[in-house]
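See structure below.
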Amino acid sequence: MRTAIRWSFVVGFVLAGFLESNVAAEECNIRFFLLPDKSGVQLSIYPSWKYKLKGQLEDGPLIIEMEGKGGPSFMVGVTIIGLDSQKIPVPSNEQIRENVQRFVDQVKSNAVEKTIEVKELKGTSGNGYYFSATDSMPKSGAYKYITHGMIKVGRSLLAFSVLNNDGQEIIGSRTLAMVKSAIYVNRETLLGENTAEENRKKACKYEMGEGVKKDLELALQYYMIAAEQGDPEAMYRLAYIYDLEGSDNQSIKLYMMSALKGYPEAQAEMGRRCKNGEGVAKNPEQAVKWMTSAATQGVVSAMLALGHYYENGIGVPQNAEQAIRWIKAAANTGDDRAMCDLGCAYYNGKIIPRNYPEGKYWLFKSALAGNRHGLNILQESRVLNDFIYNWPLSMIQCRFMKEIAGDDIFIVNIGDTSNKVLSLLGPPGLKGRSGIPKDGNVEWIDDWDYSFGRISFKNGKVVEANVNRTTDAGKKKISASGKLYDLEAPPFLQPNSPKYRALASSALLTELNHGRHDLLGTEMPTEENIRHQLWLLYRWWSVTSRESFLDSLRWIYEKGHRVNFNNIVTYSEKLTPAQMNAATATDRNFAVVMKYKNELGKKSILGWDFARYISLCRWGYLVGYLSEEEAWANIMPVAKLLQKTFNSWEDLGKNYLIGREFWSEHETDRTGDPLREKYQTLLSDEMSPWKLCPWDMDMAATVTNKPRIPAYNVDRHQFPPEQIRKNRPGK
């Protein structure tokens, strides 16, 4: 967000004045906003605008804040007052004009215009007034122009404010068009004759497109109605949608209401929030109560969380028996996270006696279910060090069908030079193709795993495998055969290559997300991984299409957070010592800039912005927004620029950490310590990409000096927000 706004954008002040006086071209998305008296107002919001709700659910005005999805280059605020719920008589046109004039009187001393005209605004269901003004001396990072007004919409009032800068005149005209076309829907029309369950089922049909055309906006309206009628599942679904859109005040109240009515998913969410202190006071004991209620009703995430609470003594005394009971209960449902955690428990022996075979069994099952951490855990274990880490450049991994060996899935590791099979272990993945005979068979015997078999190759590809495996120290023998599938996997990069060196620039974020450093897309392109990354791009970047993805890519390359950082540096140079001390004490972003500005100098937080730029390209390739050629054409020049700007991996990593601290106080508090640990690991671990790649490695002189951000292409993937929302991992 911008650090300074000279225009007083305080809607509450405007509304207070009104209440006192009365007591004393682009196709838009239709959104419906429910008022406390169960009437509502419909607005046409531009799809390129991101909005969040700030008002209260039970009473009081509903405040909506809007800004551009590519960054906060403008702000629009709309406050909706339900006259019936506030017990306010419908104001006359003259009263509305007087209210707008009072706001003119407040801002005219700072305005360029000597005379500020209050203009009439004729809407679909009522009239109002507005004005526009220009700040005579806008501060650094502040907005230059303001448009403010108020309009009647049926039995409600809309107060609106627009803050923007040069070249954004269209924002004001679009806001005026939006409020003029607003429609009021009364309580009787809204509620209709349907029951809460009927309205919720209608919402689900429109959300999923079951028997009707998908319509998320209509689904949202029915969810709102069903929630007002007391349906707990509708409350939860509505809270979840608000949660995605960043409307914390709205979501937490609905989650709580749904949980109190006994809806188990909402209880699990309240347990998580009480444990972490998100939107509510931190209360581990209450978290245990919520999670226990949800877990006993079959919510898998609650079972797993409860197991970890007992394991670590969160809200309850430590109890290994209860911990394993709940983790096993979750694992037995087939949840990949729970199976992975149970495998880890058997491996580390902290809360259950160590049992390597049982641990491997659950880790393999988790990997088969799509868990991306299974192989990492096996590789980090002492058992696998010899044939994984000692052969980092001389392996292939072939993925077998599940039918080959029951519930297990195998990877054959073959040495480059001799074609000797080293082992038969691991979850899905294909690593390279060197060492594979074009035609013929490879046979193996693995004493450690009691397995033997043969792989058949044709035209350089594995076409069939026969596996025999004896388990439980020879007590049980299984045999199976079948054809391989999913052989076309992305190439794994070698540490001595310029491309691997380029991806290492994003190593900190890759580590934080448990991704791979040797894959362009950070993950194998499985359906689960792509679905997960689509949701993350939507959640953190508001990306739903190639167009919005390229907007984000262009914004971070041309501006990024370094623009605001540099603006604060420039602004601070004009302050007196007293003003600087006051700003440092009250503005966290200002304090961060003052702490590091001399150390960073002209580098600013370029490392933070451009490391994220590389990560964004990698994620875009994984989900299909960028081709492989487009991804490398944008990654390599930026990696070269980082290499030229900074003098070491340590220097780049520190800049990234500073930029992240400037970006988000909340995320720094939440994950700052683990990220700093990963930073130290990258600097010290001999197998980390920073150790494997010298800082001054030749990045190839043939690549271009500037990234080639492609133009929009509607033929590439477009994922509607409702599709991404519906497919959120774990839902």
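The shown structure was predicted, so the numbers you read here are calculated from the model rather than taken from an experiment.
When Asn165, Asp135, Asn164, Asp166 are each tested for a side chain to side chain donor-acceptor pair (under 3.5 Å) with Tyr145, only one passes: Asp166. Leu616 pairs in a side-chain contact (heavy atoms from CB on, under 4.5 Å) with only one of the listed residues (Tyr625, Tyr621, Phe549), which is Phe549. Here the options are Tyr571, Trp663, Phe662, the test is ring-ring contact (aromatic ring centres under 6.0 Å, His included), and the partner is Phe565; only Phe662 passes.
Judged as a salt bridge (Lys or Arg N to Asp or Glu O under 4.0 Å), the pairs with a partner in residues 556-579 (not counting sequence neighbours) are, in order, Arg562-Asp609.
When every heavy atom of Ser604 is checked against every heavy atom of Asn566, the shortest pair comes out as OG-OD1, 2.8 Å. Closest of all the heavy-atom pairs between Ile614 and Ser505 is CD1-CB, 3.7 Å. Between Asp685 and Lys691, the closest heavy-atom pair is O-CG, 3.0 Å. For the residue pair Pro284 and Ile314, the shortest heavy atom distance occurs at CB-CG2, 4.0 Å. When all heavy atoms are compared, the tightest approach of Met699 to Pro498 is SD-O, 4.1 Å. The minimum heavy-atom distance linking Gly279 with Ile252 is given by the pair O-CG1, 4.0 Å.
Here the CG atom belonging to Asn581 is positioned 10.0 Å from the CG atom belonging to Leu575, to the nearest 0.5 angstrom. Going from atom OG1 of Thr681 over to atom CG of Leu675 covers 10.5 Å, rounded to the nearest 0.5 Å. With rounding to the nearest 0.5 Å, the separation of CD1 in Ile658 from CH2 in Trp608 is 12.5 Å. With rounding to the nearest 0.5 Å, the separation of CG in Leu652 from CG in Leu657 is 9.5 Å. Separating the CD atom in Glu511 from the OH atom in Tyr679 is a distance of 14.0 Å, to the nearest 0.5 Å. Taking CG of Leu520 as the start and CD1 of Ile635 as the end, the distance is 5.0 Å to the nearest 0.5 Å.
Few gaps surround CD on Glu667; more than 12 heavy atoms of other groups in view lie less than 6.0 Å from it.
For Ser688 (side chain) and Ser684 (main-chain N/O), no donor-acceptor pair under 3.5 Å exists by modelled atom type. Within the 3.5 Å criterion, the main-chain N or O of Gly515 finds no donor-acceptor partner in the side chain of Asn513. Put simply, the side chain of Asp587 gets close to the backbone of Asn589: a donor and an acceptor are under 3.5 Å apart. Side-chain atoms of Gln643 come within 3.5 Å of backbone N or O of Met697 as a donor-acceptor pair.
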**OP:** Using the ring pair (Phe, Tyr, Trp, His ring centres under 6.0 Å) rule, take Trp619 and His532 through it: C-alpha gap first, then chi angles, then the decisive distance, then the call.
**Re:** CA-CA 10 Å; Trp619 301 329; His532 182 252; over 10 Å; no
**OP:** Test ring pair (Phe, Tyr, Trp, His ring centres under 6.0 Å) on Tyr538 and Trp535 and set out the steps.
**Re:** CA-CA 5 Å; Tyr538 173 75; Trp535 183 80; 8.1 Å; no
Subject >> Derivation of the side chain to side chain contact (heavy atoms under 4.5 Å, CB included) call for His308 and Asp341 >> reply: CA-CA 9 Å; His308 291 308; Asp341 289 353; 2.9 Å; yes
**OP:** Please assess Glu67 against Val76 for the test side chain to side chain contact (heavy atoms under 4.5 Å, CB included), listing each intermediate value before the final yes or no.
**Re:** CA-CA 6 Å; Glu67 61 184 32; Val76 175; over 6 Å; no
**OP:** Give the C-alpha distance, both sets of side-chain angles, the deciding distance and a yes or no for side chain to side chain contact (heavy atoms under 4.5 Å, CB included) between Leu550 and Leu626.
**Re:** CA-CA 9 Å; Leu550 295 176; Leu626 290 180; 4.1 Å; yes
**OP:** Please lay out, stage by stage, how Leu683 and Glu650 fare under the test side chain to side chain contact (heavy atoms under 4.5 Å, CB included).
**Re:** CA-CA 7 Å; Leu683 290 173; Glu650 182 177 7; 4.0 Å; yes
**OP:** Given ring pair (Phe, Tyr, Trp, His ring centres under 6.0 Å), test Phe74 with Trp49 step by step and report yes or no.
**Re:** CA-CA 10 Å; Phe74 66 87; Trp49 293 10; 5.5 Å; yes
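Residues meeting the ring pair (Phe, Tyr, Trp, His ring centres under 6.0 Å) test with Trp690, sequence neighbours left out: Trp649.
Of the charged side-chain nitrogens involved, at least one lies within less than 4.0 Å of a carboxylate oxygen, so that Arg546 and Glu630 count as a salt-bridged pair. In this structure, Asp698 does not pair ionically with Arg501, as no charged nitrogen and carboxylate oxygen lie closer than 4.0 Å. A salt bridge does not link Arg516 to Glu523: none of the charged nitrogens lies less than 4.0 Å from a carboxylate oxygen.
No donor-acceptor contact under 3.5 angstrom links the side chains of Asn634 and Tyr557, judged on distance only. Between the side chains of Ser506 and Arg618, a donor-acceptor pair is found at a separation under 3.5 Å. Checked by atom type, the side-chain pair Arg660/Thr671 shows a donor-acceptor distance below 3.5 Å.
Proximity of Tyr143 to Pro138: side-chain heavy atoms (C-beta onward) are nowhere separated by under 4.5 Å. Under the 4.5 Å side-chain criterion, counting only non-hydrogen atoms from C-beta, Asp651 is in contact with Ser648.
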Name the atoms and distances for all side-chain donor-acceptor pairs under 3.5 Å in residues 590-600, with sequence neighbours left out.
| from | atom 1 | to | atom 2 | distance (Å) |
| --- | --- | --- | --- | --- |
| Tyr596 | OH | Glu661 | OE1 | 3.2 |
| Lys597 | NZ | Ser572 | OG | 3.4 |
| Glu599 | OE2 | Lys654 | NZ | 2.9 |

